[in-house]
There are 2 protein chains.
Amino acid sequence: MDAVFKALADESRRKLLDQLHRSNGQTLGELCAHLDMTRQAVTKHLLLLEAANLVAVVWRGRKKLHYLNPVPIHEISERWIGKYERLHLQALGDLKKGLEQHKTNDEN
Amino acid sequence: MDAVFKALADESRRKLLDQLHRSNGQTLGELCAHLDMTRQAVTKHLLLLEAANLVAVVWRGRKKLHYLNPVPIHEISERWIGKYERLHLQALGDLKKGLEQHKTNDEN
DNA sequence: TTGACATGCAACCTTTAGGTTGCCTATTAT
DNA sequence: ATAATAGGCAACCTAAAGGTTGCATGTCAA
């Protein structure tokens with residue numbers, strides 16, 4: 001899971017994921033077009049995304065096609081974010097409860 | 001939002017958040033007890049978490065109390081993860097549809 | 001079959017991240 | 001008043017991250 005968090009920490013890599021979200025199965029060259037850095041730099045970012053299992057690769061001749069894998073993001077959301085999400089909702093609930101108490105009981 | 005992703009990228013910082021999730025409002029010293037590094041290192045991590053607005057701080061005398069703020073995590077979940085979550089559900093849906101077609105139409 | 005295209009590999013550089021050590025300051029308790 | 005406690009500040013170190021350049025390789029198209 002650490003690899004996924006690390007992979008998501010970089011703006012360029014998030015842009016790559018967004019790019020694949022817009023149009024899945026793009027080649028390295030196509031993905032490069034949207035980032036202001038050399039092809040080799042993009043390659044490195046994509047290798048990290050592959051290592052985190054966020055991107056899967058299929059070779060077709062000399063072309064390397066990249067596909068988004070949403071599963072790791074889903075897992076993070078389930079096992080990690082969900083916990084804090086519940087806390088957030090609870091905080092909102094407490095706030096609401098507090099406000100309602102205010103309505104019926106002004107000395108608080 | 002970048003600051004939040006970066007803050008979450010480090011295992012020690014995630015542990016700090018988990019620690020606060022277990023027991024909110026801990027002092028620096030208390031938080032240090034759970035990590036195998038110097039107080040100063042922990043301070044740096046906490047400063048990053050504060051910068052990302054994931055942790056809020058209240059001074060009480062010489063004690064620095066740390067409180068978890070789940071809002072940024074919620075925002076990430078809403079504006080970023082949700083998008084890929086939907087993709088994931090859609091993929092599952094497509095898979096399910098495919099299986100059902102298999103049941104009724106075996107030549108696929 | 002040869003040139004252009006798509007990508008890989010490896011060495012290198014610079015900045016940042018994570019951590020340590022040493023010392024200083026402010027608050028609390030005796 | 002003073003000693004112990006809780007924490008801040010700043011310099012420093014090392015490793016890793018992000019990026020570049022140069023050259024090599026495999027595939028396609030004329």
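The sequence lines fix the lettering, A, B, ..., with proteins before strands; numbering per chain opens at 1.
- Residue K83(A) places its NZ atom among more than 12 non-hydrogen atoms of other residues, nucleotides or ligands, all under 6.0 Å distant.
- Note on H45(B): a side-chain N or O is less than 4.0 Å away from OP1 or OP2 of dG19(C).
- At dG8(D), one or more side-chain N or O atoms of K64(B) fall inside 4.0 Å of OP1 or OP2 (strictly under the cut-off).
- No side-chain heavy atom of H45(B) sits under 4.5 Å from any side-chain heavy atom of K15(B).
- The nucleotide whose nearest atom lies closest to any side-chain atom of L28(B) is, among dT20(C), dG8(D), dG19(D), dG8(D).
- Between the CG atom of L47(B) and the C1' atom of dG19(C) there is a distance of 14 Å, given to the nearest Å.
- Heavy-atom distances to DNA chain D give each of K44(B) and M37(A) a nearest nucleotide, and the one nearer the 5′ end belongs to K44(B).
- Following rounding to the nearest Å, L8(A) (CG) and dA17(D) (C1') show an atom-to-atom distance of 16 Å.
- V55(B) pairs with exactly one of L20(B), L47(B), L31(B), L48(B) by the side-chain contact (heavy atoms from CB on, under 4.5 Å) rule, that one being L20(B).
- Taking 4.0 angstrom as the limit, T43(A) places none of its side-chain polar atoms (N or O) nearer than this to OP1 or OP2 of dT7(C).
- Toward the 5′ end of DNA chain D lies the nearest nucleotide of A41(A), the other residue of the pair G61(A) and A41(A) mapping further downstream.
- Atom pair D2(A):CG and dG18(C):C1' shows a separation of 14 Å (rounding to whole Å applied).
- Across all strands, R60(A) comes closer than 4.0 Å to no nucleic acid atom at all (heavy-atom distances).
- Nucleotide dT5(D) holds its P atom 19 Å from the CG atom of L65(B), rounded to whole Å.
- Rounded to whole Å, the distance from CH2 on W59(A) to P on dG26(D) is 11 Å.
- Atom CG of D10(A) and atom C1' of dG19(D) are 11 Å apart (whole Å).
- Taking only distance into account, the side chain of R13(B) never meets the base of dG18(C) through a donor-acceptor pair shorter than 3.5 Å.
- Distance H66(B) NE2 to dG8(D) P: 7 Å, rounded to the nearest Å.
- Among the heavy atoms of the strands lying under 4.0 Å from L48(B) are primed sugar atoms or P, OP1, OP2 only; no base atom is included.
- For Q40(A) against dG22(D), a side-chain N or O and a base N or O form a donor-acceptor pair under 3.5 Å.
- When distances are taken from the side chain of R39(B) to each of dG8(D), dG19(C), dT21(D), the shortest belongs to dG8(D).
- Within the 4.0 Å cut-off from OP1 or OP2 of dG19(D), not a single side-chain nitrogen or oxygen of T38(A) is found.
- Around the NZ atom of K63(B), the shell of radius 6.0 Å holds no more than 12 heavy atoms that belong to other residues, nucleotides or ligands.
- In this model, no side-chain donor or acceptor of K63(B) finds a partner on the base of dG7(D) within 3.5 Å.
- One cannot find a donor-acceptor pair under 3.5 Å joining the base of dG8(D) and the side-chain atoms of R62(B).
- Residues D18(A) and Y84(B) have side chains that bring a donor and an acceptor to within less than 3.5 angstrom of each other.
- Here the OG1 atom belonging to T38(B) is positioned 8.5 Å from the NZ atom belonging to K44(B), to the nearest 0.5 angstrom.
- Taking atom CG of L16(B) as the reference point, atom C1' of dG18(C) lies 13 Å away to the nearest angstrom.
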